[in-house]
**Student:** 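Have a look at this one before I ask anything.
Numbers here simply count residues along the sequence, with the first being 1. First listed ligand is number 1; within each ligand, the first listed atom is number 1. Just so it is clear, the model here is predicted, and its values are computed rather than measured. Computed over heavy atoms, backbone and side chain alike; hydrogens, waters and symmetry mates excluded.
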Amino acid sequence: MSKKLVFSGVQPTGNLHLGNYLGALKSFVSLQKKMDCLYCVVDLHAITTFQDPKELNLNILETTASFLASGLDAKKSIIFNQSSVSGHAELAWILNCVCRLGWLNRMTQFKDKAGKDKEKASVGLYIYPNLMAADILLYKATHVPVGADQKQHLELSRDIAQKFNNDFKVDNFFPLPEPLIQKNISRIMSLRDGTKKMSKSEDSDYSRINLKDSADEIVKKIKKAKTDTNPITDNIKDYEKRPEAFNLLSIYSDLSEQEIQKTITEFAGKNFSYFKNQLSEKLVETISPIGSNIAKLLNDKKHLEDVLKKGREKANIIAEENLKKIREIVGFV
Ligand code: AMP
Ligand code: TRP
């Protein structure tokens, strides 16, 4: 049995939003109380689509600030950025040679991100999942908290780990990493379209609540959030065809740490404007302190750089120890 170890990553590609918080960051924070954890700002993943260097630099610090503002503690968890530990790129190369073309061809995120003109996508975007497998396996991590959109990538990481262990006849060398996906709310949807996930890349800022949004912005966005003309009912089945209403009710439930059934019973018969006021209040209560903390932390870039540097040193020790063994297994001299 491998020692329990948590690894997860977030791309520094812009403002973090409520989906990142409820789908990932919130569980990062609760896990750090129970297990050893590594949390990584995955800047090598970010450049699979072009990033302006100045913006990337700032986004790495801002993502670090968002980790800390959400409650991660650099004394408890190892917080670092991916490009500072060269082992990620080295192991990714080895795993590129383990992973099969057919496996990558099934990845839906590549299809979504590459769009219609696949020929123009970077090669990095195509082999993105292998780098993700390398992130996890470099530390022999056993548990990976992610949003539901990353489930397929996690399954691929397990297949790659298994094939490496088989090919090189090293039973259980890499543990098969387990995804930790929130049960009640694993995918926060856009506030404009309940069938699309909330994302950094959607054009309209009204589609998401950013961690840095002011209380006024949060209230305005919830007021404008799409709903439907039906009242709130207390039969969960009614929401199968009402994705926007279901999304808002799920967000409220998650913020209140209660089951969705309790929420719909609480609001049954009320109209959406009443419900939206209550939801805004909950959101402001949770998100505003995080936003102001991010702003505060960004005033001291030196401190953020220092957190990353210390994290890098700790991560690199584990990475180098594992890489030494991996190089031996592969047969490098
Ligand atoms: P990314 O911003 O793509 O690097 O995602 C960072 C983490 O947030 C990953 O674990 C994602 O699965 C999670 N995440 C991103 N968007 C959402 C969403 N709309 N709902 C739930 N989790 C999400
Ligand atoms: N691909 C993940 C995302 O877009 C980010 C990520 C990179 C990650 N490496 C990882 C998540 C390793 C978990 C573990 O959300």
**Student:** Note the single closest protein heavy atom to atom 14 (C) of ligand 2, along with its residue, its atom name and the distance in Å.
**Tutor:**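 Answer for atom 14 (C) of ligand 2: V144 CG1, 3.6 Å.
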
**Student:** Return the option from V41, I181, D149, V146 holding the heavy atom at the smallest distance from atom 11 (C) of ligand 1.
**Tutor:**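 Considering heavy atoms of V41, I181, D149, V146, the nearest to atom 11 (C) of ligand 1 sits in D149.
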
**Student:** For E62, enumerate each residue passing the side chain to side chain donor-acceptor pair (under 3.5 Å) test, keeping only those at least two apart in sequence or located in another chain.
**Tutor:**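 With sequence neighbours excluded, E62 shows a side chain to side chain donor-acceptor pair (under 3.5 Å) to K212, given in chain and number order.
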
**Student:** By number and element, which atoms of ligand 2 are closer than 4.0 Å to a non-hydrogen atom of Q11?
**Tutor:**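 Listed by number with element: 4 (O).
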
**Student:** With respect to atom 5 (O) of ligand 1, which of L154, V144, N20 exhibits the smallest heavy-atom separation?
**Tutor:**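 Among L154, V144, N20, the closest heavy atom to atom 5 (O) of ligand 1 belongs to N20.
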
**Student:** Quick check: does D135 get an N/O under 3.5 Å from an N/O on ligand 2?
**Tutor:**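 Yes.
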
**Student:** For atom 23 (C) of ligand 1, state which one of S190, A148, G19, A46 supplies the nearest heavy atom.
**Tutor:**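 Comparing heavy atoms across S190, A148, G19, A46, the nearest one to atom 23 (C) of ligand 1 lies in G19.
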
**Student:** Among all the protein's non-hydrogen atoms, which is closest to atom 5 (C) of ligand 2, and how far away is it?
**Tutor:**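 Checked against all protein heavy atoms, atom 5 (C) of ligand 2 sits closest to G9 O, 3.5 Å.
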
**Student:** Mark up the atoms of ligand 2 that fall under 4.0 Å of a heavy atom belonging to V42, in ascending order.
**Tutor:**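 Atoms satisfying the 4.0 Å criterion: 7 (C), 9 (N).
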
**Student:** Can a cation-pi geometry be assigned to K276 and Y252, taking NZ or CZ under 6.0 Å from the six-membered ring centre and within 45° of the ring axis?
**Tutor:**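 No, K276 does not lie over the aromatic ring of Y252.
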
**Student:** Does a side-chain N-to-carboxylate-O contact under 4.0 Å join D205 and K221?
**Tutor:**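 Yes, this pair counts.
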
**Student:** Could you tell me which atoms of ligand 2, counted from 1 in the order shown, lie closer than 4.0 angstrom to a heavy atom of Y128?
**Tutor:**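 Reading through ligand 2 atom by atom, the close ones are 1 (N), 2 (C), 3 (C), 4 (O).
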
**Student:** Show which atoms of ligand 1 fall inside a sub-4.0 Å distance from at least one heavy-atom site of H17.
**Tutor:**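 Those qualifying, in numeric order: 16 (N).
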
**Student:** Does a donor on one side chain sit under 3.5 Å from an acceptor on the other, for Q258 and E266?
**Tutor:**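 Side-chain D/A pair, Q258 to E266: present.
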
**Student:** Provide the full list of side chain to side chain donor-acceptor pair (under 3.5 Å) pairs with a residue in residues 307-321, sequence neighbours left out, each pair given once.
**Tutor:**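 Only D306-K310 qualify under side chain to side chain donor-acceptor pair (under 3.5 Å).
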
